[in-house]
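Single-structure report; data block below.
All values reported here derive from a predicted model rather than from experimental measurement. Sequence lines set the chain letters: A, B, ... in the order given, protein chains first and strands last, and positions in each chain run from 1.
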2 protein chains.
Amino acid sequence: MARRNDHSRDELKTLTLAQSLKIAEKEGMAALTARRIANEIGYTPGTLYNIFGSMDGLYYEMNALTMQRLAETLSGSVQKAASGTPRDRIKAITNSYLNFARKNKHLWIMLFNTSFEHEPPDWYAEKIEGLFSPLEAIIAEIFSKIPKQKIKLLARTYWASIHGICYLEITRKGPLRKNLTAGEMTDELIERFFGQTD
Amino acid sequence: MARRNDHSRDELKTLTLAQSLKIAEKEGMAALTARRIANEIGYTPGTLYNIFGSMDGLYYEMNALTMQRLAETLSGSVQKAASGTPRDRIKAITNSYLNFARKNKHLWIMLFNTSFEHEPPDWYAEKIEGLFSPLEAIIAEIFSKIPKQKIKLLARTYWASIHGICYLEITRKGPLRKNLTAGEMTDELIERFFGQTD
DNA sequence: CATAAAAATGAACATTGTTCAATTTTCTTG
DNA sequence: CAAGAAAATTGAACAATGTTCATTTTTATG
């Protein structure tokens, strides 16, 4: 059997990704096996390899969709705070990032998984790059009359810091515990990072 | 054959860990298979399970040793800068962390691996906790006359931020590229985080 | 309708972590 | 020192994994 009129090529790809995301978010990345996914969409493992080339290929496409959702969430939160101060928008985008990670724990962890054996596809870097342009915009607003390169440095430094705090809470790999939530830490970071700018 | 006089229980454990660390640092965690390790120390996979219970058990013990080395490196760097200002010591411990991660890339990544299926042993949390007491001491010095709880918050916030920056550079999972090194970012973070304290 | 192209299959392969009965070595005890 | 108990080591087996690919089946084409 082949090219069963059930699904076009694109439909099949979409279907596979949707089911994979469902499994991963519920049960974590370890539950994502070729046989299980194939079985749940009514195909066989070989078909997955026709579409994605490898499991890593599938993972990268899943991550692209997660990044897309994250990007929309982030810029949405900034828009909502459009009438507030730049500081309000910083807080909004920060909390938005934190909430997204908490609500999509397994998918968020997948974004930073280090055990892929294949290199990411070419389009992957741009997806990452585009994620935090809203943050750059806010920071450019706060630190006006500053070189573009410095804005980039500040934005990345701030985001990496937030990410570290988030990573700590989500994975429990660092010395967190004892009533210290990521929210308290991000508040503290904002205070110190943007403190002199008021 | 059993209990071959070749090695005592402890020697065998040490030997296994040493060889595992060697493999992991050279070729990454994916190269760490039970059969390969066993083969390279002249035993069989079953023996590894007698000692460590599971592969995760081995990983956790490897990580404990890596943390030990890291802890010594960090406090060593602080001692070297003992005659300088607190800010000098912050810079020293930060660079020390960054350098350790760069020089022990694979082992450092292993510390933050999220794919363990077994829970960490009880003693594991303390090992993590103990890692950054030197940092707390310095921060307590900088922010004198501040509640102990606030010191802890500041220390963890700062460390998580550094960790995020480091994670970004090492794993290349975030928007780094374009001449932006982790060193520039940590310098910027120190500037903003401890800026008002001079 | 026949032939070519594409898609889907399913069996096979090499590896993996893990288990465990059997075997071999060491320890203990009389 | 001998014999039985205890401990350590083995090696074969198991289920599961990612991946490949010749074969089969379906669709498209002339």
Side-chain angles (χ1 to χ4, degrees), chain A residues 1-17 19-21 23-24 27-63 106 110 113-121, chain B residues 1-17 19-21 23-24 27-63 106 110 113-121:
Chain A
M1 327 129 199
R3 195 176 317 180
R4 312 175 307 186
N5 218 348
D6 301 4
H7 307 102
S8 77
R9 206 71 185 154
D10 276 354
E11 281 172 344
L12 191 46
K13 188 167 182 172
T14 306
L15 179 65
T16 307
L17 285 167
Q19 190 63 31
S20 300
L21 288 166
I23 295 172
E27 305 175 38
M29 198 180 157
L32 269 188
T33 71
R35 284 170 181 80
R36 172 166 175 188
I37 299 165
N39 186 60
E40 292 191 5
I41 61 173
Y43 284 79
T44 56
T47 297
L48 296 193
Y49 281 82
N50 288 342
I51 304 176
F52 299 101
S54 69
M55 289 304 282
D56 281 2
L58 169 64
Y59 302 150
Y60 282 125
E61 298 237 26
M62 291 173 67
N63 280 350
H106 287 127
M110 245 187 100
N113 187 83
T114 51
S115 62
F116 297 157
E117 306 218 334
H118 301 70
E119 286 296 300
Chain B
M1 326 129 201
R3 196 176 316 177
R4 313 176 306 187
N5 219 348
D6 301 4
H7 307 101
S8 77
R9 206 67 186 157
D10 276 354
E11 282 172 343
L12 190 47
K13 188 167 183 173
T14 305
L15 180 65
T16 306
L17 285 167
Q19 190 62 32
S20 301
L21 288 166
I23 295 172
E27 305 175 39
M29 197 178 158
L32 269 188
T33 72
R35 285 169 181 79
R36 171 165 176 192
I37 299 164
N39 185 62
E40 293 193 3
I41 61 173
Y43 285 78
T44 56
T47 297
L48 295 192
Y49 281 82
N50 288 341
I51 305 176
F52 298 101
S54 68
M55 289 304 282
D56 281 2
L58 169 65
Y59 301 150
Y60 282 126
E61 298 237 26
M62 289 172 67
N63 280 349
H106 288 129
M110 245 186 100
N113 187 82
T114 52
S115 63
F116 296 157
E117 306 218 332
H118 301 71
E119 285 297 301

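- In this structure, L58(B) places its CG atom 10 Å from P of dT18(C), rounding to the nearest Å.
- In this structure, CG of N39(A) is placed 17 Å from C1' of dG18(D), rounded to the nearest angstrom.
- The side chain of T33(A) contributes an N or O atom lying less than 4.0 Å from OP1 or OP2 of dT17(D).
- A heavy-atom distance below 4.5 Å is found between the side chains of R9(B) and I51(B).
- Across the protein-nucleic acid pair, L32(B) atom CG and dT18(C) atom P stand 13 Å apart, rounded to whole Å.
- Rounded to a whole Å, the CD1 atom of I51(A) is 10 Å from the P atom of dT9(C).
- Looking at heavy atoms from C-beta onward, M29(A) lies in side-chain contact with Y59(A) at the 4.5 angstrom threshold.
- Going from atom NE2 of H7(B) over to atom P of dT10(D) covers 12 Å, rounded to whole Å.
- Between F116(B) atom CZ and dT18(C) atom C1' there is a gap of 17 Å when expressed in whole angstrom units.
- Between R9(B) and dT26(C), a side-chain N or O to OP1/OP2 separation shorter than 4.0 Å is absent.
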Please tabulate the protein-to-nucleotide N/O contacts below 3.5 Å involving nucleotides 19-22 of chain D, giving atom names and distances.
from    : atom 1 : to     : atom 2 : distance (Å)
dT19(D) : OP2    : Y49(A) : OH     : 2.5
dT19(D) : OP2    : M55(A) : N      : 2.9
dT19(D) : O5'    : Y49(A) : OH     : 3.1
dT19(D) : O4     : R35(A) : NH2    : 3.4

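- At a threshold of 4.5 Å between non-hydrogen side-chain atoms, the residues F52(B) and T16(B) count as touching.
- Separating the OH atom of Y43(A) from the C1' atom of dT24(D) is a distance of 16 Å, rounded to the nearest angstrom.
- Between the side chain of D56(B) and the backbone N or O of F116(B) there is no donor-acceptor pair closer than 3.5 Å.
- Between H7(A) and I41(A) the shortest side-chain heavy-atom distance does not fall below 4.5 Å.
- Put simply, T47(A) has a side-chain N or O that comes within less than 4.0 Å of OP1 or OP2 on dT9(C).
- Regarding D10(B), its CG atom lies at a distance of 11 Å from the P atom of dA8(D), rounded to whole Å.
- Listed here is the closest heavy atom pair of A24(B) and M110(B): CB-SD, 4.2 Å.
- Between the side chain of Y60(B) and the main chain of H118(B), a donor-acceptor pair closer than 3.5 Å is present.
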